Amino acid sequence: MMAQQQLPKEGRIRKHADYALCYEQGRRHHTGNFILFVFPRPGSGKTRVGMAVSRKVGNAVTRNRLKRLLREFYRLHQALLPYDSDIVTVAKKHAGQSQLDLAQVSAELEPLLRRQQRRQREQQEAPTCRP
RNA sequence: GGAGUCGGACGGGCCACCGCCGCGAAGCGAUUCGGGGAGGAAAGUCCGGGCUCCACAGGGCAGGACGCUGGGUAAUCCCCAGGAAGGGUGACCUUCGGACAGCGCCACAGAAAGCAAACCGCCCUCCCUUGCGGAGGGUAAGGGUGAAACGGUAGGGUAAGAGCCUACCAGAUGCCGCGGUGACGCGGCAUGCUCGGCAUACCCCGUCUGGAGCAAGACCAAAUAGGGAAGGAGGCCGGCCCGGCCAAUCCUUCCGGGUAGGUUGCUUGAGGGUGCGGGCAACCGCACUCCUAGAGGAAUGGUGGCCUCAUGCGACCACGCAUGACAGAACCCGGCUUACAGGCCGGCUCCCGUU
């Protein structure tokens with residue numbers, strides 16, 4: 001396991017335009033507390049993550065806490081992320097009400113990422129379809 | 001010891017590993033090393049400033065804000081000291097221009113809510129005197145209503161009464177004296193003057209008052225579209241050249257505006273600490289000393305261990321397991337307000353107990 005565990009600025013989405021692209025053209029995945037938008041960018045050589053937690057979720061403290069938990073989760077699970085993609089995680093309204101911790105976030109998002117990874121591998125092994 | 005009141009400081013600690021954002025040093029560079037990284041309210045954005053841009057001859061009106069007095073301050077609606085009124089046994093707390101400038105309002109109840117009046121009464125006169133009856137007049141002591149009803153007590157007076165008269169008390173107004181920078185206080189004299197409340201309903205008086213905000217502002221500056229200038233190709237005049245005109249197309253070069261994006265503003269400041277001096281105090285002066293976050297889709301985190309303090313549970317001195325307040329810098333200061341698990345320190349008051 002030589003999992004890279006750093007997540008500097010370059011690994012995060014920081015432009016409004018990038019977020020907008022991801023929302024409009026990304027593929028959506030729902031979980032209990034989050035919505036994931038995954039937008040492949042072939043050839044970019046990088047996977048970037050971003051998170052959006054709106055005012056409705058809670059006050060500044062709970063919003064900050066959610067974003068930090070998500071960042072920590074992505075930092076520790078970078079090996080699972082689909083490569084050459086932008087991933088935006090949006091917190092649902094009730095996400096701030098239950099006091100989530102890192103273990104719960106992992107339990108919620110990890111199976112989804114593993115499924116994604118398997119699908120991406122299968123597509124690579126049989127790249128002879130799509131009209 | 002209990003209850004209360006006012007004020008101050010705190011807001012778990014230590015360590016390890018994995019990260020994040022600035023800064024400094026070394027290196028061509030990958031990187032390495034060192035050091036820093038949320039709060040008392042960072043919050044609400046309610047006041048006041050600094051700073052920046054825009055506007056601006058001067059004056060007034062309108063609008064807005066504020067409102068006892070004196071001081072503090074860069075400034076304030078803040079702070080300090082004082083005054084008056086009200087509340088509390090007390091420490092202490094709360095409030096603050098004007099109601100004879102005008103114009104209004106005062107629910108319900110009550111006869112009557114503002115300047116005059118009279119429901120039940122009381123008294124006098126008259127009328128059929130058959131009575132608890134009717135008519136006219138005088139009264140405001142008593143009753144009843146209300147948050148509020150035109151001074152209180154006693155005596156005189158009277159048909160019954162009333163500051164109608166007298167004494168004392170309380171107040172109002174005017175004048176004078178003394179104390180105080182002043183708000184105001186104390187005292188004296190005169191007048192029977194005894195004629196509410198609400199200005200957060202409008203209003204009056206006095207004082208102050210341009211507007212917008214760091215997404216302010218400054219600089220650099222793609223792609224695309226469009227603008228301007230010059231030249232060439234082009235079109236027209238012409239047989240051709242020179243020359244002139246045309247711009248609706250194309251090419252080249254240049255210019256300015258400007259979006260995305262980037263840089264800056266950006267943290268050393270009306271700053272903190274200590275000492276001395278002035279002042280009742282707020283605060284001010286001087287000397288020495290310290291440097292304490294600067295992000296930008298937005299860092300300040302995650303995991304684990306040990307200890308600590310509360311609270312709850314397991315029959316709770318020992319042990320174990322949970323839970324731990326309000327809340328996150330966004331240009332910077334000074335205040336106000338609101339939220340807050342816990343415990344800590346100090347001044348003062350009342351009550352109880354002991355010696």
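Predicted, not measured: the structure shown is a model, and the values here were computed from it. In what follows, every heavy atom counts, from backbone to side chain, and hydrogens, waters and symmetry copies are set aside.
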> Map Leu69(A) and Asn64(A) onto RNA chain B by nearest heavy atom, then report which one ends up closer to the 5' terminus.
Leu69(A)
> Within the structure shown, what part of the strands sits under 4.0 Å from Ile13(A) by heavy-atom distance: base, sugar-phosphate, or nothing?
sugar-phosphate
> Once you apply the 3.5 Å cut-off to both distances, tell me the Watson-Crick or G-U wobble partner of rU354(B), or none.
none
> I'd like to know if the side chain of His29(A) reaches the main chain of Leu113(A), judged simply by a donor and an acceptor atom lying under 3.5 Å from each other, with no hydrogens or angles considered.
no
> Mind calculating the distance between CG (Leu7(A)) and C1' (rG302(B)) to the nearest angstrom?
13 Å
> Main chain of Thr31(A), side chain of Lys92(A): is a donor-acceptor contact present, judged purely on distance under 3.5 Å?
yes
> Using atom C1' in both nucleotides, what's the gap between rG211(B) and rA216(B) to the nearest angstrom?
13 Å
> Looking at Glu110(A) and Arg114(A), does any basic side-chain N land under 4.0 Å from a carboxylate oxygen?
yes
> For rA199(B), measure the glycosidic angle (O4'-C1'-N9-C4 for a purine, O4'-C1'-N1-C2 for a pyrimidine) and name it syn if it falls within 90° of 0, otherwise anti.
anti
> Whole Å only: how far is the CG atom of Leu66(A) from the C1' atom of rA298(B)?
16 Å
> Any idea which of rG302(B), rG297(B), rA299(B) is nearest the Arg65(A) side chain?
rG302(B)
> Tell me: CZ of Arg55(A) to C1' of rA43(B), nearest whole Å?
11 Å
> For rG256(B), what is the paired nucleotide under Watson-Crick or G-U wobble rules, both distances under 3.5 Å?
none
> Would rG22(B) be called syn or anti, given that syn covers angles within 90° of 0?
syn
> Check the distance between rG261(B)'s P and Tyr19(A)'s OH and give it to me in whole angstrom.
14 Å
> In the structure shown, which nucleotide is the Watson-Crick or G-U wobble counterpart of rC241(B), with both distances under 3.5 Å?
none
> For rU129(B), measure the glycosidic angle (O4'-C1'-N9-C4 for a purine, O4'-C1'-N1-C2 for a pyrimidine) and name it syn if it falls within 90° of 0, otherwise anti.
anti
> Using the C1' atom on both, measure rG353(B) against rC96(B) and round to a whole Å.
45 Å
> If rG7(B) has a Watson-Crick or G-U wobble mate with both distances under 3.5 Å, name it; if not, just say none.
rC345(B)
> Any strand counts, and the cut-off is 3.5 Å on both contacts for Watson-Crick or G-U wobble. Which nucleotide pairs with rU173(B)?
rA190(B)
> Considering only the P atoms, how many Å lie between rG24(B) and rU264(B), rounded to the nearest integer?
12 Å
> Under 4.0 Å, counting only non-hydrogen atoms across every strand here, what does Asn59(A) touch: a base, just sugar-phosphate, or nothing?
sugar-phosphate
> On a plain distance test, is the side chain of Arg68(A) in donor-acceptor contact with the base of rC20(B) below 3.5 Å?
no
> Please state how far atom NE2 in His77(A) lies from atom P in rC18(B), giving the value in whole angstrom units.
18 Å
> For rG304(B), measure the glycosidic angle (O4'-C1'-N9-C4 for a purine, O4'-C1'-N1-C2 for a pyrimidine) and name it syn if it falls within 90° of 0, otherwise anti.
anti
> Considering only the P atoms, how many Å lie between rA199(B) and rC189(B), rounded to the nearest integer?
38 Å
> Tell me if a side-chain donor or acceptor on Arg48(A) pairs with a main-chain N or O of Asp86(A) at a distance below 3.5 Å.
no
> Could you give the distance separating rA325(B) and rA339(B) at their C1' atoms, to the nearest angstrom?
10 Å
> Sub-3.5 Å donor-acceptor pair from the side chain of Thr89(A) to the main-chain atoms of Met51(A), do we have one?
no
> Can you tell me how far C1' of rG297(B) sits from NZ of Lys15(A), to the nearest Å?
11 Å
> Checking base pairs now: Watson-Crick or wobble, both atom distances under 3.5 Å. What partners rA281(B)?
none
> Distance from Leu66(A) atom CG to Arg68(A) atom CZ, nearest 0.5 Å?
11.0 Å
> Of Val88(A) and Val61(A), whose nearest nucleotide on RNA chain B comes first from the 5' end?
Val88(A)
> Ignoring backbone atoms, test whether Arg75(A) places a side-chain nitrogen or oxygen under 4.0 Å from the OP1 or OP2 oxygen of rU303(B).
no
> Distance check, P atoms only: rU207(B) and rA41(B), in whole angstrom units.
37 Å
> Name the orientation of the base relative to the sugar in rG40(B): syn if the glycosidic angle is within 90° of 0, else anti.
syn
> With no hydrogens and no angle check, is any side-chain donor or acceptor of Gln25(A) less than 3.5 Å from a backbone partner on Cys22(A)?
no
> Who does rA117(B) pair with, Watson-Crick or G-U, both distances under 3.5 Å?
none
> Separation of Asp18(A) atom CG from rG261(B) atom P, in whole Å?
11 Å
> Does Glu108(A) reach the main-chain N or O of Asn33(A) with its side chain, forming a donor-acceptor pair under 3.5 Å?
yes
> Taking the P atom in each of rG156(B) and rG163(B), what is the distance between them to the nearest angstrom?
15 Å
> With rounding to the closest Å, how many angstrom separate the C1' atoms on rG297(B) and rC21(B)?
15 Å
> Quick one: look up who rC306(B) pairs with, Watson-Crick or G-U, both distances under 3.5 Å, and put none if it's unpaired.
rG13(B)
> Among rG297(B), rG302(B), rC20(B), which nucleotide sits nearest the side chain of Arg71(A)?
rC20(B)
> Whole Å only: how far is the NZ atom of Lys67(A) from the P atom of rA298(B)?
7 Å
